[in-house]
K.L.:
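Input: one structure, supplied below.
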Amino acid sequence: MQYTFDFAGLRIPANVVGQPEAVSNGFVVPAGPVALLHPFGDTEFYRHGWNSWSPSGWARTDSETIGIKNSPNRLLTADDAANETPHSHSGSAVGAVAGSDGDVLLLGALGLGSPRVGADRNVLWGRAEDDTADWFVAYGPERQVFADYADLVSQRLGRRTGRAGTVWSSWYSYFEGIDEELVSRTVADLAGYPFDVFQLDDGWEPIVGDWVAGPGFPSGMAATARTIDGAGFTPGLWLAPLIALPGSELARSRPDLLVQGDDGRPLITGHNWGSHYYSLDTTQGEVKDHLREVFERLVGWGYRYLKLDFMYAGAVAGQRSIPLHREAVYRDAVQHIRSVVGDSVYMLGCGVPMIPSVGVFDGARVGPDVGAFWDNAERVGDPSGVGARNSIVSSINRTWMKRLYEVDPDAVYFRSSRNLLDDAERQALRDTAAILEFRSTSDPIAWLNKTERQHLTRYMQETSVIEQTGRYSFRIDGRDVDLTPIVTGTAVTNAASLIV
Ligand code: 9PG
């Protein structure tokens, strides 16, 4: 049906499938395709990435789109490959076009079903694979409409209240090179430093898919949890419970438990570790039983903070035993995991589809991996690539998501050794994490000099008062921080950081 939205005199003609209902600050529109005829011509469009690593941000409708280009393997891993339109402006679940005076017209889905929002110089459109989610339409100041959208999403999907506190993670220093002896030494050095969580990242398991102690942990994972606990930290553990590498025991012995392709073989659902990998078909009772066993084991070992990674793979299109929509299947799987671990275990989602994770995860990564360098020379122009700049840009464009869960912009650095980031670049990472209110690092104390140790201590102890003064400008404890030059690509960085 045709409908004309009236925003205090600004009239927006629209095509919708049912009668819009006025709510405070906007309208709720029944599920189904939506097209809003905006009067702004070529203007800025906010595109939102599907998962933690997917690019988000503002780009003009008459300029280059934001997204992953010319890399099918990366697109499959780091965005919604089934729907992504790399050369026209669109994104996942929510989008907005800029009007005059900082006001924006927002269209956002209030639920699941792989909703998409796109725009050109005339239309802001929304559609979904599965038309089950209502839409929110609003026109107003940018921060206001995004806050109103987030509040409506969490009214429908929930909002968990777990707090991570300060986190030390093994990834951005040791990567996969961890073992129980190195962990013991690192934990001992950290004793007395202001961290709540010590989180072991990838590298403890023999292979992705088999969640038992690997060869580096001969005393078993419970022993390492006790070491961490003994030093006064909450034991944290990384795993990717919804995927399996082809060489894993799980994939080799039970290929029938995996999401299948149309050819009746396990479907490739992403690429990492120099390989492709598969997804578990979580609609099968046996897979639910397997997940129950895995999570009872981890919690039994003593881990109370879980970083669940590559979770999007549980929400990709493919053949499952029950033909439910993939985002509903994903959310059901996470709810199952939550019911096994209980309410008091903190769950940080990484590589998660953002909206389907609301109300089930305590926190979510909101950008690509950080790195000890500014830009990734290997994949120039891929905003989902590893690096400090990409991490800042994606994360700061998702500041509004704080209302949905804790938002993790990834680790910050204090170390000047083994690091190509200069002081200003490291500071920008720390400012971003202060703004997002999630503080973590991977710097081993042994890698820091005396001043750096003091900086780490002070940073991890403080909680800042954050005021937002513009799209990318903030006041942190009264200090003005403007990230605009970084986001718009006009920041001057040291040349060395570009050569990695
Ligand atoms: C462990 C790492 C760390 C890290 C995670 C994740 O898009 N990608 O292809 C892609 C691959 C790996 C990746 C992120 C994105 O890293 O974000 O913090 O836990 O796994 O293997």
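Indexing begins at 1, ligand by ligand and atom by atom, following the structure's order. Not measured: the values here are computed from a predicted model.
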K.L.:
For Q427 and R430, does a side-chain donor sit closer than 3.5 Å to a side-chain acceptor?
P.N.:
yes
K.L.:
Using a strict 4.0 Å cut-off to heavy atoms of Y172, name the atoms of ligand 1 that fall inside it.
P.N.:
4 (C), 18 (O)
K.L.:
Give the numbers and elements of all ligand 1 atoms closer than 4.0 Å to a heavy atom of R365.
P.N.:
17 (O), 18 (O)
K.L.:
Is the closest heavy atom of K307 to ligand 1 under 4.0 Å?
P.N.:
yes
K.L.:
Quick test: of every protein heavy atom, which one is nearest to atom 19 (O) of ligand 1, and how far off is it to 0.1 Å?
P.N.:
D201 OD1, 2.7 Å
K.L.:
Out of D202, T186, D179, D201, which one pairs with Y174 under the side-chain hydrogen bond (donor to acceptor under 3.5 Å, both in side chains) rule?
P.N.:
T186
K.L.:
With heavy atoms under 4.0 Å as the rule, classify the contact between Y312 and ligand 1 as side chain, backbone, both or neither.
P.N.:
neither
K.L.:
Between W50 and R326, is there a cation-pi geometry (under 6.0 Å to ring centre, at most 45° from the normal)?
P.N.:
yes
K.L.:
Regarding R116 and S90, is there a side-chain donor-to-acceptor distance under 3.5 Å anywhere?
P.N.:
yes
K.L.:
Using side-chain hydrogen bond (donor to acceptor under 3.5 Å, both in side chains) as the criterion, list what pairs up with R331, not counting sequence neighbours.
P.N.:
none
K.L.:
Heavy-atom contacts with T77 under 4.0 Å: which atoms of ligand 1 show up? List them by number with element.
P.N.:
7 (O), 8 (N), 9 (O)
K.L.:
Give a yes or no on whether a salt bridge exists between R292 and D289, defined as a side-chain N under 4.0 angstrom from a carboxylate O.
P.N.:
no
K.L.:
Give the atom numbers and elements of ligand 1 that come within less than 4.0 Å of a heavy atom of A78.
P.N.:
7 (O)
K.L.:
Would you check whether W238 has a nitrogen or oxygen atom less than 3.5 angstrom from a nitrogen or oxygen atom of ligand 1?
P.N.:
yes
K.L.:
For atom 2 (C) of ligand 1, which candidate among W171, F175, W273 holds the nearest heavy atom?
P.N.:
W171
K.L.:
I need the single residue from L242, I243, V208 that forms a side chain to side chain contact (heavy atoms under 4.5 Å, CB included) with Y277. Which is it?
P.N.:
I243
K.L.:
On the 0 to 90° scale, with breaks at 30° and 60°, tag the F198-W168 ring pair as parallel, tilted or perpendicular.
P.N.:
parallel
K.L.:
Quick check: D369 and ligand 1, any N/O pair under 3.5 Å apart?
P.N.:
yes
K.L.:
Please state whether the rings of F310 and Y312 are parallel, tilted or perpendicular, taking 30° and 60° as the class boundaries.
P.N.:
tilted
K.L.:
After noting the C-alpha distance and the side-chain angles of W400 and Y149, does the key distance pass the ring-ring contact (aromatic ring centres under 6.0 Å, His included) rule?
P.N.:
CA-CA 9 Å; W400 63 273; Y149 168 62; 5.8 Å; yes
K.L.:
Specify the protein heavy atom at minimum distance from atom 6 (C) of ligand 1: its residue, its atom name, and the distance to 0.1 Å.
P.N.:
D309 OD2, 3.1 Å
K.L.:
For atom 11 (C) of ligand 1, which protein heavy atom lies nearest, and how many Å away is it?
P.N.:
N272 OD1, 3.5 Å
K.L.:
Check contact between C350 and ligand 1, using heavy atoms of the residue and a distance below 4.0 angstrom.
P.N.:
yes
K.L.:
Select the closest option to atom 21 (O) of ligand 1 among D202, L348, I68, judged by heavy-atom distance.
P.N.:
D202
K.L.:
Under 4.0 Å from ligand 1, counting heavy atoms only, is it the side chain of R74, its backbone, both or neither?
P.N.:
side chain
